[in-house]
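Keep in mind it's a predicted model, so treat the numbers as computed, not measured.
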Amino acid sequence: MACQSVSAVMDEQALLGLNPNADAPYRQRALAYFEQLKESQDAWEVCADALAKGIYSDAHVKFFCFQVLEHQIKFRHAGLSAAQQQLIRETLMKWLQTQLMNAQPEKAFIRNKAAQVFALTFVMEYLTLWPKFFFDILNLVGLNPHGVDIYLRTLMAIDAEVVDRDIVHTPEETRRNTLIKDSMREQCIPSLVESWFQILTAYQQTHPELTCQCLEVVGAYVSWIDLNLIANDRFVNLLLSQMSMEDLREEACDCLFEIVNKGMDPVDKTKLVESLCQVLQSAGFFNIEQEEDVDFLAKFSRLVNGMGQSLVLSWSKLVKSGNVKEATETLHAVEAKVPLLLQLLVHEDDDISTNMVGFCYDYLHVLKQLPQLTEQQKANIEAVMLAVMKKLTYDDEYNFENEGEDEAMFVEYRKQLKMLLDRLAQVSPELLLEAVRRVFTSTMQRWQTAPFMEVEVAIRLLYMLGEALPASHGAHFSGDSAKTSALQDMMRTLVSCGVSAYQHSSVSLEFFETVVRYDKFFIVEPQHIPNVLMAFLDQRGLRHSSPKVRSRVAYLFSRFIKTLHKHMTAFIEDILTRIQDLLELAPPENGFLALLTSDDQLFMFEAAGVLIVSGESPVERKQVLMRSLLAPLTDAFRLLLAKLLQESVEEHQAALADCLSHAVGFASRTSKAFSNKQTVKQCGCTEVYRDCLHSFLPALSCPVQRGALRSAVRSFLHRMIICLEEEVLPFIPAASEHMLKDCEAKDLQEFIPLISQITAKFKRQVSPFLQQIFMPLVLAIFEVLGRPAEENDQTAALEKQMLRRSYFAFIQTVAGSGMNEVLANQGAENIERVLFTIIQGAVEFPDPIAQKTCFIILTRLVELWGGKDGMVGFPDFTYKHIVPACFLAPLNPTFDLSDAQTVLTLSECALTLKMIHLKRGSEFIQFLQHEYLPSLQVTPEISQELCQVLQQPDVKVLKNYMKAFFQRAKL
């Protein structure tokens with residue numbers, strides 16, 4: 001680090017900490033020094049001095065000095081004296097002057113930071129102190145390459161500060177930026193444009209990187225300066241000549257794109273685009289088959305897309321304004337670009353093709369709006385269809401078994417092509433249907449010899465028709481006969497031509513996806529079901545060599561069965577036999593490779609359940625089939641649970657618990673097959689599921705792996721409450737007792753919905769049980785909520801908040817279920833304890849969701865117990881605690897009336913007051929006017945106003961008044 005005479009002024013030890021490899025203490029010292037220099041009135045001036053005199057050669061120190069300067073300009077400019085502001089200007093110009101003389105330019109990160117500081121100074125001073133900013137810089141740098149580099153970087157930094165729409169500005173900054181642009185247009189833009197022209201011509205041969213920088217500047221500024229300064233013969237000819245220069249052509253293309261993209265009058269835009277097209281065409285740029293540089297073509301395709309979309313936008317505006325003549329000419333201009341559009345859309349490089357999707361989509365939208373299509377337009381539609389079909393095709397390099405970034409990009413690209421296909425269907429569904437039919441039929445006739453990508457795309461196109469052609473609820477095989485017969489023909493071909501045996505995973509997947517997309521076809525032609533079922537069940541589907549195919553087919557199989565179960569009666573037992581090995585519980589030992597994952601097996605069990613339940617077998621047979629499906633699970637469960645209790649290695653315990661959870665999950669999934677029309681009882685399966693409960697419930701008392709096991713059994717109980725109805729009730733008390741032992745916040749939070757579900761479903765039937773479990777559950781919740789937690793433990797705090805919400809939701813369910821006795825029979829002390837938690841929840845915790853629930857509970861309790869014949873002592877509790885809660889909660893500083901959820905809480909609070917008035921009448925009004933509101937220093941006039949509103953029948957008036965009342969109170 002070269003240092004001259006300022007060692008006494010700058011902290012050399014601190015500067016050592018700027019080196020990225022410096023030790024932590026040095027780095028800390030450098031940070032502290034930075035803060036010191038930033039905040040000092042004048043200590044920062046040493047940095048200005050160091051930059052102006054070039055004292056330091058270390059790049060990190062120079063960067064540091066610019067950062068200190070940047071802070072002064074950005075945050076303290078207004079507080080600087082005139083001399084200090086002058087010092088900054090002089091420092092920057094002196095530093096710039098030294099750049100002109102340096103043999104080597106500064107490192108890029110220094111130049112960028114310097115440009116930012118120049119730009120900030122410009123923004124602060126251009127309108128007032130430094131109107132000659134650009135002239136001073138241009139006069140200084142002339143055509144010196146180092147100077148021009150800083151000048152261009154500064155222009156881009158100014159664009160970021162003043163123009164860039166992606167940066168959010170305050171209204172004040174926006175006004176300032178508008179003034180800056182207006183002043184620049186008046187005072188210096190022509191000079192800047194002239195400087196750009198000089199730079200572009202002077203350096204195009206010797207300094208291509210500077211020329212590219214300059215082209216980027218022109219592209220950035222063209223959006224808000226007078227276009228005639230750029231869109232003229234000398235500039236456009238220069239840009240065109242640079243489009244033929246290898247190092248410049250991509251940036252020149254981008255620059256032309258920005259020119260074309262500039263907002264302007266539609267007639268002028270059409271003229272601009274057309275003149276540019278003529279020049280490009282005569283220069284040979286439209287002969288893209290001779291162009292080998294794909295990077296340039298990617299830029300060029302973006303330019304062509306921009307020109308096309310600009311013309312379409314002009315056409316739309318002209319049509320809207322009724323300018324028929326100009327609109328017709330613009331449409332001709334659009335149509336003239338279609339051959340080029342098609343060439344680029346079908347280009348083998350997907351990036352080039354992707355760039356054309358926007359123009360293509362917009363062009364199809366234009367055709368959709370035309371009353372009648374010409375033969376040429378129909379030919380264009382066909383050509384777009386063929387291009388889309390061709391580009392949908394996979395290439396040889398696509399890796400199906402290990403999809404990476406390239407594959408993900410192709411999947412995204414396919415989605416864009418699908419948008420074009422959907423738009424084609426809107427423009428001309430008949431043409432699309434016919435084109436797909438042609439491709440599909442010819443491919444299926446030769447599928448044995450065709451490459452996989454052709455076969456896959458043919459089936460894919462049939463699949464895509466399902467979304468492209470409108471049909472309500474997938475009814476593709478009724479209605480319009482032309483469409484239905486074409487689709488039916490193609491589906492018939494698909495399932496009967498043998499293509500399901502094609503040896504490529506992409507074809508297999510597409511086959512099954514399409515079969516399930518058009519599952520309604522099999523209702524019309526059920527004779528094809530056996531063939532397709534066999535494809536699902538053998539090595540073409542569920543036993544395919546690819547795990548990806550097997551996994552997807554398991555899901556599709558369950559969908560197929562669910563849609564067509566009425567047509568499966570003859571095959572049920574055969575299917576169940578064939579899939580038996582796929583329903584086996586995979587043992588926890590590592591190294592066992594099952595054909596399906598446990599997630600895939602869930603779909604298989606659901607499908608098996610649907611087959612058994614919806615079949616036409618007698619009840620006894622259904623019971624036998626369901627037992628043979630579930631008995632292996634319960635048998636395995638008992639064995640594995642015994643093994644778990646003996647296991648001491650935690651890793652093995654986790655594997656066993658996982659396996660046990662899967663067994664419960666599979667049994668649970670079969671119950672999804674039942675419905676209101678086909679209940680467990682009607683199917684004779686009650687006993688089977690009761691046996692499952694007997695097998696699964698002992699897991700609740702297992703001392704190890706409690707979280708996983710409890711979660712699985714709890715989910716099963718949720719299903720059984722729905723399916724077994726009252727048959728489940730005998731199992732609930734013991735299950736609850738186990739689940740309340742040694743529980744964490746999360747256990748309780750997940751247990752409460754189970755009790756709430758039972759309460760809501762069975763009401764009076766479970767009243768004795770609820771009375772019995774109520775306090776143990778409440779005490780368990782209190783115990784968990786009372787546990788100390790680390791102050792910064794966000795997870796614990798969130799778990800407690802969620803548990804508190806669940807607790808209040810439980811009390812709400814009990815209070816709202818009409819079982820007054822559950823709460824009433826808990827003894828005065830316990831009732832009071834619970835009531836105080838509700839008051840606390842309403843007032844103290846800043847959680848509007850919980851607060852809202854608490855006010856709903858209070859309203860309900862007032863309704864139950866607040867009348868003349870209510871619970872002894874409750875009216876007293878109402879006046880001492882509920883009424884104050886209705887005022888103290890909204891007065892709390894954390895009660896944010898601008899928050900929608902909090903406003904809903906306030907509405908419930910208003911309803912609580914309304915209910916108290918309903919139950920206590922004038923006594924309540926007297927209490928408010930003479931006792932409570934005066935204690936809050938509310939004036940008699942406002943007290944009277946509030947009481948009058950409370951007595952009105954319209955609750956909405958009260959809600960609005962309450963909001964205004966508390967907004968005033970908080971001022």
Side-chain angles (χ1 to χ4, degrees), residues 69-80 82 85-86 88-89 92-93 112-139 150-197 199 213-232 235 254-269 272 306 309-310 313-314 317:
L69 223 57
E70 178 184 32
H71 184 83
Q72 296 305 314
I73 299 161
K74 202 169 188 175
F75 300 109
R76 307 185 66 165
H77 188 271
L80 298 176
Q85 290 174 347
Q86 179 65 26
I88 288 174
R89 290 193 287 277
L92 291 175
M93 294 307 280
N112 286 335
K113 180 53 73 179
Q116 277 179 321
V117 175
F118 269 103
L120 282 171
T121 310
F122 165 82
V123 166
M124 294 294 180
E125 301 193 347
Y126 176 65
L127 295 171
T128 50
L129 300 168
W130 202 355
K132 294 263 186 290
F133 176 87
F134 289 112
F135 296 107
D136 289 350
I137 290 177
L138 284 169
N139 286 338
I150 301 295
Y151 164 60
L152 294 173
R153 285 173 196 266
T154 300
L155 284 168
M156 287 310 292
I158 288 170
D159 176 71
E161 287 289 333
V162 177
V163 184
D164 193 335
R165 291 185 178 88
D166 293 334
I167 294 169
V168 181
H169 291 292
T170 65
E172 188 52 48
E173 286 171 342
T174 305
R175 272 194 297 277
R176 177 204 69 194
N177 291 347
T178 304
L179 281 173
I180 288 175
K181 285 189 287 186
D182 289 346
S183 298
M184 284 178 71
R185 286 188 193 100
E186 279 176 35
Q187 293 166 17
C188 64
I189 287 295
S191 302
L192 294 186
V193 173
E194 186 54 41
S195 76
W196 302 338
F197 187 78
I199 292 166
Q213 249 178 288
C214 191
L215 286 167
E216 193 184 350
V217 168
V218 176
Y221 279 71
V222 79
S223 68
W224 59 275
I225 65 174
D226 177 4
L227 188 65
N228 292 320
L229 293 169
I230 305 288
N232 51 46
F235 235 108
D254 277 346
C255 189
L256 285 171
F257 172 80
E258 295 300 338
I259 292 170
V260 165
N261 238 15
K262 183 176 169 71
M264 57 198 295
D265 169 79
V267 177
D268 292 343
K269 176 60 75 76
L272 171 71
Q309 287 191 296
S310 294
L313 187 61
S314 294
K317 287 177 179 173

*Of all heavy-atom pairs between Ile180 and Val123, which one has the smallest distance, and what is that distance?*
CD1-O, 3.9 Å
*Supply the atom-to-atom distance Phe235 CZ to Asn228 CG, rounded to the nearest 0.5 angstrom.*
13.0 Å
_Over all atoms of both residues, closest heavy-atom pair of Ile225 and Ile230_ = CD1-CG1, 4.1 Å
_Strictly distance-based, threshold 3.5 Å: is any side-chain N or O of Tyr221 a donor or acceptor partner for the main-chain N or O of Leu155?_
yes
*Kindly indicate, with the supporting measurements, whether the criterion side-chain contact (heavy atoms from CB on, under 4.5 Å) is fulfilled by Leu227 and Leu272.*
CA-CA 10 Å; Leu227 188 65; Leu272 171 71; 3.9 Å; yes
*Rounded to the nearest 0.5 Å, how far apart are CG of Leu80 and NE2 of His77?*
6.0 Å
*State, yes or no, whether a side-chain contact exists between Asn139 and Lys132 at a heavy-atom distance under 4.5 Å.*
no
*asked:* Set out, in order, the CA-CA distance, both residues' side-chain angles and the distance that settles side-chain contact (heavy atoms from CB on, under 4.5 Å) for Leu215 and Asp254, then state yes or no.
replied: CA-CA 8 Å; Leu215 286 167; Asp254 277 346; over 6 Å; no
*Heavy-atom distance under 4.5 Å between the side chains of Leu313 and Lys317, does that happen here?*
yes
*Which pair of non-hydrogen atoms, one from Val260 and one from Lys269, has the smallest distance, and what is that distance?*
O-NZ, 2.9 Å
*Tell me the salt bridge (charged side-chain N to carboxylate O under 4.0 Å, His left out) pairs involving residues 183-197, sequence neighbours left out?*
Asp182-Arg185, Glu194-Arg234
_Taking the side chain as everything from C-beta on, heavy atoms only, tell me whether Val117 gets closer than 4.5 Å to Leu92._
yes
*Indicate the atoms forming the closest heavy-atom contact of Met93 with Asp136, along with that distance.*
CE-O, 3.6 Å
*Heavy atoms only: give me the nearest Asp164-His169 pair and the separation to one decimal.*
O-NE2, 4.3 Å
*asked:* Please determine whether side-chain contact (heavy atoms from CB on, under 4.5 Å) holds for the pair Phe122 and Thr154, giving the CA-CA distance in whole Å, both sets of side-chain angles, and the decisive distance to 0.1 Å.
replied: CA-CA 9 Å; Phe122 165 82; Thr154 300; 6.0 Å; no
*Check salt bridge (charged side-chain N to carboxylate O under 4.0 Å, His left out) between Glu161 and all other residues, then give those that pass, not counting sequence neighbours.*
none
*Nearest-0.5 Å distance, CD1 of residue Ile259 to OG of residue Ser223*: 11.5 Å
*Verify the ring-centre separation between Phe134 and Tyr151: is it less than 6.0 angstrom?*
no
_Residue pair Thr121, Leu69: steps toward the side-chain contact (heavy atoms from CB on, under 4.5 Å) verdict_ = CA-CA 10 Å; Thr121 310; Leu69 223 57; over 6 Å; no
*Output the distance between atom NZ (Lys262) and atom CZ (Phe257), rounded to the nearest 0.5 Å.*
14.5 Å
*Are Glu125 and Ile88 side-chain neighbours, meaning at least one heavy-atom pair lies under 4.5 Å?*
no
